[in-house]
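Both ligands and their constituent atoms are indexed starting at 1 by order of listing. Nothing here was measured: the structure is a model prediction, and the numbers come from that model.
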Amino acid sequence: MKAVAVFPRTKEVRVIEQEVPRMAEPDQVKLRILDIGLCGTDKEICAFAYGTPPAGSDYLVIGHESLGEVIEVGPAASRVNVGDLVVTTVRRPCPHPECRPCRAGYPDFCITGDYTERGIKGAHGFMTEEVVDHERYMHVVPPELRDVAVLTEPLTIAEKAANQARQIVDRLPWLKRDLQEEARRHNPTAVVLGAGPVGLLGAMKLMAAGWQTFVYALAPAPNPSSDIVEAIGGQYGSQGRIAVEKQKALFGHIHLIYEATGVSRLAFEAWKLLGPNSVFIFTGVPSLKGPIEVDTDLLMRNIVLKNQIIFGTVNASSEHFDEAIRDIGVFHQLWPGTLRALITSRSAPEEAPGVLLGNIGGIKNVVTFETSGGATEREQSR
Ligand code: BGC
């Protein structure tokens with residue numbers, strides 16, 4: 001069967017032939033892969049700046065944002081059935097007994113760094129025709145979400161962030177009350193930095209929960225991302241469209257900033273504008289460039305004098321996958337066409353290296369194993 005792999009030593013990205021995986025343990029399940037989403041992490045891996053092949057292998061099969069169909073179920077697997085659609089989690093626990101998060105089922109909080117991630121670190125990924133994994137890592141998706149379920153994994157980032165932000169908001173009884181009110185007197189305000197899939201899915205999560213949401217990105221409107229922001233009732237701004245003075249007034253009332261750009265300079269600039277009692281959430285993983293100058297006194301004064309909380313978040317636990325699937329269903333009901341518009345291309349696996357190494361633009365590019373013979377669909381980016 002074919003798979004898309006990177007060879008870090010020879011610096012190649014290509015389609016390879018692999019043996020079909022075999023079921024080796026009774027709680028395993030075999031999937032036929034349908035869709036694989038591509039993200040910035042895959043691009044970094046294909047630029048050989050990130051990613052590690054499994055021990056003893058000179059290549060890594062990529063792909064971690066997946067949707068598959070169950071084709072075989074081991075005798076000890078009881079939750080999934082042949083024909084179910086499933087999304088599989090990415091991170092697997094480290095082996096160390098002293099890592100309490102991994103032992104407790106939360107490898108997304110692993111403390112040793114020896115976790116593996118399918119398609120990223122030490123384990124082959126899902127960009128291949130068939131995959132075998134343990135049932136406990138699989139999450140069933142309702143069939144009506146077939147077209148959009150590949151967006152689940154990038155949404156899990158926002159789900160994990162939201163879960164932590166909720167606990168932080170609990171320290172502010174008046175804001176907690178406002179958020180619980182059916183007919184809101186006050187809608188808290190959020191700024192999302194970045195209008196890629198992680199930013200846009202984060203904005204959908206915030207809008208669906210009643211937050212007044214601004215998405216701030218570099219590309220001037222109109223563009224496909226700004227159309228999506230406007231279609232869900234958010235407001236889109238870019239440097240060209242919002243004057244700096246106006247940004248200050250706007251950001252002064254912000255309760256939460258959700259960073260989804262991986263551009264540290266922009267993030268630290270925006271952090272300066274964070275309001276009192278507010279939360280700044282980092283999700284981007286910048287490639288390591290040189291140091292830049294940051295006004296540390298100002299930031300530290302703000303953190304203390306304004307009771308600010310800054311946190312970073314990576315990966316997601318099993319609960320967040322379930323929440324993401326539920327929310328994909330909610331977004332599908334609220335904004336069906338708009339959710340689908342996040343997926344701007346579907347390419348055959350043979351075209352994946354070109355898509356990953358080139359610059360085809362768009363929002364979420366997907367590799368699909370459903371159509372054979374290289375049929376490609378590119379939705380028109382307006
Ligand atoms: C993936 C996460 C992963 C992170 C760091 C992201 O692109 O979505 O699952 O933990 O990269 O490797």
Side-chain angles (χ1 to χ4, degrees), residues 4 6 8 35-54 60-68 86-94 99 101-102 105-127 131 133 137-139 149-164 193-194 196-202 205 258-264 281-288 311-325 327-328 342-343 352 355-356 363-367:
V4 180
V6 296
D35 285 344
I36 300 293
L38 303 178
C39 75
T41 300
D42 298 305
K43 287 209 155 216
E44 293 259 299
I45 295 171
C46 292
F48 314 103
Y50 196 62
T52 318
L60 170 74
V61 174
I62 57 170
H64 60 277
E65 300 180 359
S66 70
L67 175 69
V86 298
V87 172
T88 307
T89 62
V90 178
R91 196 176 280 196
R92 303 289 173 265
C94 77
C99 183
C102 281
Y106 293 90
D108 56 313
F109 284 108
C110 175
I111 54 170
T112 67
D114 287 340
Y115 58 82
T116 55
E117 288 182 336
R118 292 207 61 167
I120 302 176
K121 180 178 179 287
H124 287 313
F126 307 128
M127 206 181 285
V131 160
D133 211 329
Y137 300 128
M138 296 182 182
H139 296 262
V150 71
L151 298 170
T152 300
E153 200 276 343
L155 178 59
T156 61
I157 312 282
E159 299 293 351
K160 178 172 172 180
N163 186 27
Q164 294 169 86
L193 299 176
V198 172
L200 292 173
L201 287 164
K205 170 90 187 150
Y258 184 67
E259 179 280 325
T261 61
V263 181
S264 60
I281 308 172
F282 281 98
T283 76
V285 184
S287 57
L288 298 176
F311 74 88
T313 185
V314 68
N315 200 256
S317 73
S318 178
E319 289 97 314
H320 305 129
F321 276 77
D322 288 336
E323 278 160 26
I325 291 168
D327 273 338
I328 291 283
L342 279 175
I343 299 176
V355 173
L356 282 158
I363 304 174
K364 175 58 72 188
N365 298 308
V366 168
V367 171

Task: Heavy atom of the protein closest to atom 4 (C) of ligand 1 (residue, atom name, distance) - done: Val314 CG2, 4.0 Å
TODO: Answer yes when Arg92 and Asp133 have at least one side-chain N-carboxylate O distance shorter than 4.0 Å, and no when they do not.
DONE: yes
Open item on the list: Under a 4.0 angstrom heavy-atom cut-off, which atoms of ligand 1 come close to Tyr50?
Closed with: 5 (C), 12 (O)
- [ ] Without swapping roles, check the side chain of Thr283 against the backbone of Glu259 for a donor-acceptor pair under 3.5 Å.
- [x] yes
Open item on the list: For Lys121, which part has a heavy atom under 4.0 Å from ligand 1: side chain, backbone, both, or neither?
Closed with: neither
Open item on the list: Main chain of Ser317, side chain of Lys160: is a donor-acceptor contact present, judged purely on distance under 3.5 Å?
Closed with: no
TODO: Report the nearest protein non-hydrogen atom to atom 11 (O) of ligand 1: residue, atom name, distance rounded to 0.1 Å.
DONE: Thr41 OG1, 3.4 Å
Open item on the list: Looking at every non-hydrogen atom in both residues, tell me the closest pair between Pro8 and Pro53 and how far apart they are.
Closed with: CG-CG, 3.8 Å
Open item on the list: Could you tell me, atom by atom, which parts of ligand 1 come under 4.0 Å of a heavy atom of Glu117?
Closed with: 3 (C), 5 (C), 10 (O), 12 (O)
Open item on the list: Side chain, backbone, both or neither: which applies to Val285 and ligand 1 if a contact is any heavy-atom pair less than 4.0 Å apart?
Closed with: neither
Open item on the list: Can you list everything that forms a salt bridge (Lys or Arg N to Asp or Glu O under 4.0 Å) with Glu117? Sequence neighbours excluded, please.
Closed with: Arg91
TODO: Would you verify whether the NZ or CZ of Arg118 falls within 45 degrees of the ring axis of Phe126 while also being under 6.0 Å from that six-membered ring's centre?
DONE: no
Task: Residue Glu153 vicinity, atoms of ligand 1 by number, heavy atom under 4.0 Å - done: 1 (C), 2 (C), 8 (O), 9 (O)
Open item on the list: So if I count the atoms of ligand 1 from 1 in the order they appear, which ones are less than 4.0 Å from some heavy atom of Arg91?
Closed with: 10 (O)
